[in-house]
J.: 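Okay, handing you the structure first.
Every heavy atom of this structure was used, including side-chain atoms; hydrogens, water molecules and symmetry mates were not. Keep in mind that what you see is a predicted model, and the values were worked out from it rather than measured.
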Protein chains: 2
Amino acid sequence: MAKLDLFKFVPFRLNRLGAEVSAALSSEYRERYGLDIPEWRVIATLGFRNEACSAQYIAQCTRTHKSTISRAVTSLMERQLIERVENADDRREFRLAMTRRGTALYEELIPRLLRREQEILSCLSAQERKEFARLLGKIEDNLGLVQASQPMSEAEAY
Amino acid sequence: MAKLDLFKFVPFRLNRLGAEVSAALSSEYRERYGLDIPEWRVIATLGFRNEACSAQYIAQCTRTHKSTISRAVTSLMERQLIERVENADDRREFRLAMTRRGTALYEELIPRLLRREQEILSCLSAQERKEFARLLGKIEDNLGLVQASQPMSEAEAY
DNA sequence: TTTAGATAGTTGCAAGTGAGACTATCTCGC
DNA sequence: GCGAGATAGTCTCACTTGCAACTATCTAAA
């Protein structure tokens with residue numbers, strides 16, 4: 001008879017670990033800065049790329065639904081953490097960019113998050129971390145998840 | 001200036017991968033058997049353990065909120081996939097167990113899910129899979145996710 | 001025995017999110 | 001230029017889920 005041990009089943013483990021790690025980090029951006037996950041993803045994307053980009057681009061990069069990104073953008077604009085300008089070339093879309101306040105928040109938040117990441121991975125040696133990242137990359141690749149570290153054009157985004 | 005590349009940030013990658021893998025598997029239990037994730041977790045826990053167990057136990061094992069498990073249990077009982085009996089020793093709790101129908105579904109579903117898991121991991125060699133599982137285990141351990149109630153086999157200890 | 005606190009499970013409520021409709025705009029073929 | 005189809009972003013609706021209150025029951029200590 002076929003059996004399946006949930007604790008050895010990789011899909012379950014990844015789902016559980018993903019949720020757990022998110023919860024562990026959310027205290028940094030939620031409790032301290034009032035950001036939820038979609039808002040943090042917008043900030044993270046805009047902060048990493050220096051140039052302004054569209055909501056659609058952020059949605060594709062982060063695999064987040066466009067309506068969710070839309071709400072996050074509205075909220076961040078209300079708090080003046082990001083701003084947007086019409087794109088003269090294509091008036092359907094807006095170019096999003098961080099404000100000075102948004103950038104300040106970003107620079108304060110990033111070191112905290114990187115420290116948390118280090119804590120989570122502190123149980124692995126440098127070699128193991130490298131290996132873990134490599135294996136994660138192979139699986140992401142196999143599932144067709146975007147994993148470019150370089151900024152990509154909209155054309156490549158999908 | 002501190003920067004953070006979302007695509008290299010392990011918490012983001014784990015969260016995204018966990019969601020993606022869940023979505024890839026959900027077609028098996030949702031579209032074919034009408035189970036959602038909490039229901040599947042109840043079935044998986046009861047199917048793996050031979051003895052009946054409580055809703056609370058399932059909630060703890062799977063790190064799912066007890067109200068979510070409660071709703072899943074109600075739904076599964078309505079479909080006669082599981083049944084429950086009062087525990088004479090402690091009348092607050094119920095002992096949950098699979099029905100014949102539930103067991104039949106379980107045995108039909110498990111091979112499909114294991115096949116999906118293999119597909120997801122097909123990009124890794126046998127050695128790499130073992131290593132990935134080992135590293136996952138270390139991180140789970142570091143976050144306190146290891147379940148003491150289900151002792152790990154020697155195989156997982158490596 | 002009584003009572004205070006803990007625990008199992010259920011339920012009402014509110015927040016978050018995805019699907020998909022909708023508007024406005026762009027692109028391409030004619 | 002014109003119309004069909006594609007695309008960016010917003011909005012409504014329905015669904016899911018976590019939280020917290022609630023009931024019922026158990027445990028332990030006075």
Side-chain angles (χ1 to χ4, degrees), chain A residues 15-16 18-20 22-23 26-27 29-31 34-42 45-46 52-78 82-97 153-158, chain B residues 15-16 18-20 22-24 26-27 29-31 34-42 45-46 52-78 82-97 149:
Chain A
N15 188 290
R16 186 180 60 164
E20 194 70 14
S22 276
S26 74
S27 65
Y29 46 75
R30 188 166 48 84
E31 285 162 27
L35 298 177
D36 61 22
I37 289 185
E39 287 162 4
W40 148 244
R41 289 183 174 179
V42 171
T45 305
L46 292 178
C53 54
S54 69
Q56 185 64 15
Y57 172 80
I58 298 174
Q60 287 167 349
C61 280
T62 62
R63 288 234 158 189
T64 307
H65 197 275
K66 62 178 181 172
S67 61
T68 302
I69 295 297
S70 172
R71 287 183 267 256
V73 164
T74 300
S75 165
L76 292 171
M77 284 198 304
E78 280 168 4
I82 67 173
E83 59 194 353
R84 69 178 189 185
V85 293
E86 271 195 8
N87 180 354
D89 293 337
D90 184 341
R91 281 164 52 227
R92 290 171 305 178
E93 80 170 35
F94 299 92
R95 311 304 291 175
L96 301 169
S153 70
E154 268 91 333
E156 284 172 317
Y158 189 88
Chain B
N15 188 289
R16 187 179 60 163
E20 194 70 16
S22 277
S26 75
S27 65
Y29 44 76
R30 189 167 48 83
E31 285 162 26
L35 299 177
D36 61 22
I37 289 184
E39 287 162 4
W40 149 243
R41 289 183 173 178
V42 171
T45 305
L46 293 177
C53 54
S54 69
Q56 186 65 15
Y57 172 81
I58 298 174
Q60 285 166 352
C61 280
T62 62
R63 289 234 156 187
T64 306
H65 197 276
K66 63 178 181 172
S67 62
T68 303
I69 294 296
S70 172
R71 287 184 264 255
V73 165
T74 300
S75 165
L76 291 172
M77 282 198 304
E78 280 168 4
I82 67 173
E83 58 194 354
R84 71 181 189 183
V85 293
E86 270 195 9
N87 180 355
D89 293 337
D90 183 343
R91 280 164 52 228
R92 290 172 304 179
E93 81 171 36
F94 299 92
R95 311 304 292 174
L96 301 170
S149 53

J.: Only counting residues at least two apart or in another chain, list the ones meeting side chain to side chain contact (heavy atoms under 4.5 Å, CB included) with A/R91.
T.: A/E86

J.: Per the side-chain contact (heavy atoms from CB on, under 4.5 Å) rule, which among A/L35, A/L76, A/T68 passes with A/V42?
T.: A/L76

J.: Reckon A/T68 has a side-chain N or O less than 4.0 Å from the OP1 or OP2 of C/dT17?
T.: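 For C/dT17, neither OP1 nor OP2 has a side-chain N or O of A/T68 closer than 4.0 Å.
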
J.: In whole angstrom, give the distance that lies between atom CD1 of B/I58 and atom C1' of C/dT7.
T.: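 Computing the B/I58:CD1 to C/dT7:C1' distance gives 17 Å.
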
J.: Take atom CE of A/M77 and atom C1' of D/dT10, then tell me their distance rounded to the nearest Å.
T.: 11 Å

J.: Taking 4.0 Å as the cut-off, does a side-chain nitrogen or oxygen of A/R91 come that near to OP1 or OP2 on C/dT25?
T.: yes

J.: Of the nucleotides D/dG9, D/dT7, D/dT17, which one has an atom closest to the side chain of A/A55?
T.: D/dG9

J.: Round to a whole Å and report the spacing from NZ of A/K66 to C1' of C/dG16.
T.: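 Distance check: A/K66 NZ to C/dG16 C1' gives 19 Å.
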
J.: When you measure from the side chain of A/T74 to the backbone of A/S70, do you find a donor-acceptor pair of N or O atoms at a distance under 3.5 Å?
T.: yes

J.: For the pair made of CD in A/E39 and P in C/dA15, what is the distance, rounded to whole Å?
T.: 15 Å

J.: In this structure, how many angstroms lie between the P atom of C/dC26 and the CG atom of A/D89, rounded?
T.: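 Distance check: A/D89 CG to C/dC26 P gives 10 Å.
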
J.: Can you sort out the partners of B/R95 under side chain to side chain contact (heavy atoms under 4.5 Å, CB included), two or more places apart, ordered by chain and number?
T.: B/A52, B/S54, B/V85, B/N87, B/E93

J.: Taking OH from B/Y57 and P from C/dT7, how many angstroms apart are they, rounded to a whole number?
T.: 18 Å

J.: Would you kindly give the CG-to-P distance between A/D36 and D/dG18, to the nearest whole Å?
T.: 16 Å

J.: Which of these nucleotides, C/dG20, D/dG9, C/dA8, is closest to any side-chain atom of A/E93?
T.: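 The answer is D/dG9, which lies nearest to the side chain.
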
J.: Angle between the end axes of the helix from C/dT1-D/dA30 to C/dC30-D/dG1, five pairs per end, to the nearest 10 degrees?
T.: 20°

J.: Please check the phosphate of D/dT10 (OP1 and OP2 only) for any side-chain N or O of A/S70 closer than 4.0 Å.
T.: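 Affirmative; the distance criterion is met.
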
J.: Between B/T45 and B/Y57, is the side chain to side chain contact (heavy atoms under 4.5 Å, CB included) condition met? List the steps.
T.: CA-CA 9 Å; B/T45 305; B/Y57 172 81; 4.0 Å; yes

J.: With a 3.5 Å cut-off and no angle check, do the side chains of A/R63 and B/N15 form a donor-acceptor pair?
T.: no

J.: For DNA chain C, whose closest nucleotide is more 5', that of A/H65 or that of A/N87?
T.: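 That would be A/H65.
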
J.: D/dG18 base to B/R71 side chain: any donor-acceptor pair below 3.5 Å?
T.: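 Flag set: donor-acceptor pair detected.
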
J.: By the 4.0 Å heavy-atom rule, please label B/S54 as base, sugar-phosphate, or nothing.
T.: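 It contacts sugar-phosphate atoms only.
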
J.: Taking only side-chain N and O atoms of B/R84, does any of them lie within less than 4.0 angstrom of OP1 or OP2 on C/dT10?
T.: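 True: B/R84 side-chain N/O within range (under 4.0 Å) of C/dT10 OP1/OP2.
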
J.: I need the CD-P distance between B/Q56 and D/dT25, as an integer number of Å.
T.: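 Atom-to-atom, B/Q56 to D/dT25, this comes out as 17 Å.
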
J.: Report yes or no: does A/T62 contribute a side-chain atom to a donor-acceptor pair with the main-chain N or O of A/I58 at less than 3.5 Å?
T.: yes

